[in-house]
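Notes for the one structure printed next.
Read the numbers this way: they start at 1 and go in the same order the structure lists the ligands and their atoms. The structure displayed is predicted, hence computed values, not measured ones.
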Amino acid sequence: MKSILPTLLIIMIIMSCTKQKKTQDQTDVTSEIARNDTFKKWWKEGVLYQIYPQSFNDTDGDGFGDFRGVIEKLDYLERLGITMVWMNPFFESPLVDNGYDVSNYKAIHPRYGTMEDFQEMMDGMQARGIKFVLDVVVNHSSNEHEWFKQACSSRDNKYYNYYHWWPAEKGKPPHRHSLFDPEGGWDYVESNNSYYLHTFAEEQPDLNWENPKVRQEVYDIMKFWAEKGVNGFRMDAFQFVSKDTTFPQFPKGHEKDFAKWYGMGPHLHDYLKEMYKEVIEPYNVFAVAEGAGSTFQDAHDLVDADRNELQTAYHFDYVGLSRTLEGYTLSEFKEVFTKWDREFAEEGWLAIFLSNHDNSRLVNRFGNPSPEFRRVSTQMLNTFLLSMRGTPYTYYGDELGMTNIDMPSIEEYVDVSAIGEYGMAKARGEDMEEFMKMLNYNSRENARTPMQWDDSKNAGFTTGIPWKRVNDNYTSINVAAQEKDPNSVLNHFKRMVKLRKDNEVLVYGAYTLLDEDNEEVYSFTRTLDDQKVLVLLNFTDHESEVTLPLIENTGEILINNYEDLVTKANTVNLKPYQAVIISINH
Ligand code: GLC
């Protein structure tokens, strides 16, 4: 197998948004929209929790998490207050990309359990008011999928056109970039004398969506799961599915603008509309997009209600921040959230997140993981995520403030992407010490360590040998300890989820940024009809003052990650990473 390039970093970096600023008063517009019942949806009001199944809870001692492990923790999920779960892929797969290479879309990988276990797990969630979101990986299949094996056998095989091929008698195909494969996006198959296309690893051949039979297969897969009762779909890498199949030459260096050249192909919207009619509408489910094109207009075209395509945009601008060890500035952070909110104030809907299975841990990238500030800085970030407009997506472990795992040596890495990146950097003659520092900080393996349940061996995750080393800090950072501590990250998270669920203003209220140039404190209001709340977040490790006329009218403190709040007239003095939400009196 060839080495693998960095994951979707490239796409994240190239996201540049060009739609013009809106001028209308956001408060009025949003109040009106929020009153409109067709605008209100369960998936807008929900709080989503992402589970990486192989790292959540193991019940059979094989070192990998399983469905029965999730079943065991259903009451935990209910206690969190979350209302949606997105689970990463658990289908039959050779696991080259940890399940994002599916060899049978209607079968469960045995290490997770059986279809009956799946059903019991999902039913258990739904009985607790938690909706289930399935990860649908249909830009590509695994090269071990029966379709691909058949397609390789001969050009006459009926599955040949399920994939993109370039007949070798036409010479070498025009270069296509692969996000995971340094040798490019085409690979040769001798048995049919053709090159096949793969946007990701060579074991992940792209499906040919131009073929209506492939699209019917996809809808059939989605219907299969919708009939089992899933409530939504997360569409993996879907923006790459439509291609110009004449495969014209692309200019040199085009891959720096990957989303533009490879995303949002000519028939994408037709396909999504077809999918909407075939699956989304009749089964009354929703779909969240992974990636959202390169402009605000692209994102709107994917998710606005009148488009009848997808329902939530999950763009990469947020996690594009803080990619280097220098971190990010608060003004960049405010700008990115504010511009996206502005563009989606009237129509469309956003996912709000700062972490997932493709990025390192929330507190390491956006907060302060030092023992002194880990707790308060994670609480501050969770306050932020749960008080923005858009559906909040929390990644497992971030409700505890789980941290990166220190992995200075390449020998310990198992992710194909990390190993591949290392090989590439070495071949380019890079400074490998610097490279390892960056990998240690940025690698997605940081976010895949076993869930820390208690201080027993392997953090209570498994009785066997965990597939990935448990973070050494599990003896102090774990669910059992945090459940007992009223001031823990976990209990703050639960309070914050409840606050959001109890206050529609935090879901539908207009967002207004205040004190824009303040480099230390993020201040904004959320307003819905006659309810207004003020959110104050100190992003620094020292005290910081914020002065706003509105502070004179503050009323009840709705949440605070410290015992008190020092206020004098129109000034608040915030402690390090202090996060408060206060109601505003009229
Ligand atoms: C998505 C997934 C990522 C995976 C890739 C290929 O970006 O989030 O984990 O490697 O698709 O399927």
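For Y160, the ring-ring contact (aromatic ring centres under 6.0 Å, His included) partners at least two apart in sequence or on another chain are W165. For the side-chain hydrogen bond (donor to acceptor under 3.5 Å, both in side chains) test, residues two or more places apart in sequence or in another chain that qualify with K437 are E434.
Proximity of R68 to M121: side-chain heavy atoms (C-beta onward) are nowhere separated by under 4.5 Å.
Residue contact check: H357 has heavy atoms under 4.0 Å from atoms 2 (C), 3 (C), 8 (O), 9 (O) of ligand 1. Against a heavy-atom cut-off of under 4.0 Å, D358 is close to the following atoms of ligand 1: 2 (C), 3 (C), 7 (O), 8 (O), 9 (O). Contact atoms of ligand 1 toward D97: 4 (C), 5 (C), 6 (C), 10 (O), 12 (O) (distance under 4.0 Å to a heavy atom of the residue). Every atom of ligand 1 is numbered from 1 in the order shown, and the set under 4.0 Å from a heavy atom of F180 is 10 (O).
For F247 and H164, the ring centers are positioned less than 6.0 Å apart.
Of all the listed residues (E290, H140, R444), H140 holds the heavy atom that lies closest to atom 12 (O) of ligand 1.
Note on R111 versus D60: no salt bridge recorded, every NZ/NE/NH1/NH2 to OD/OE distance being 4.0 Å or above.
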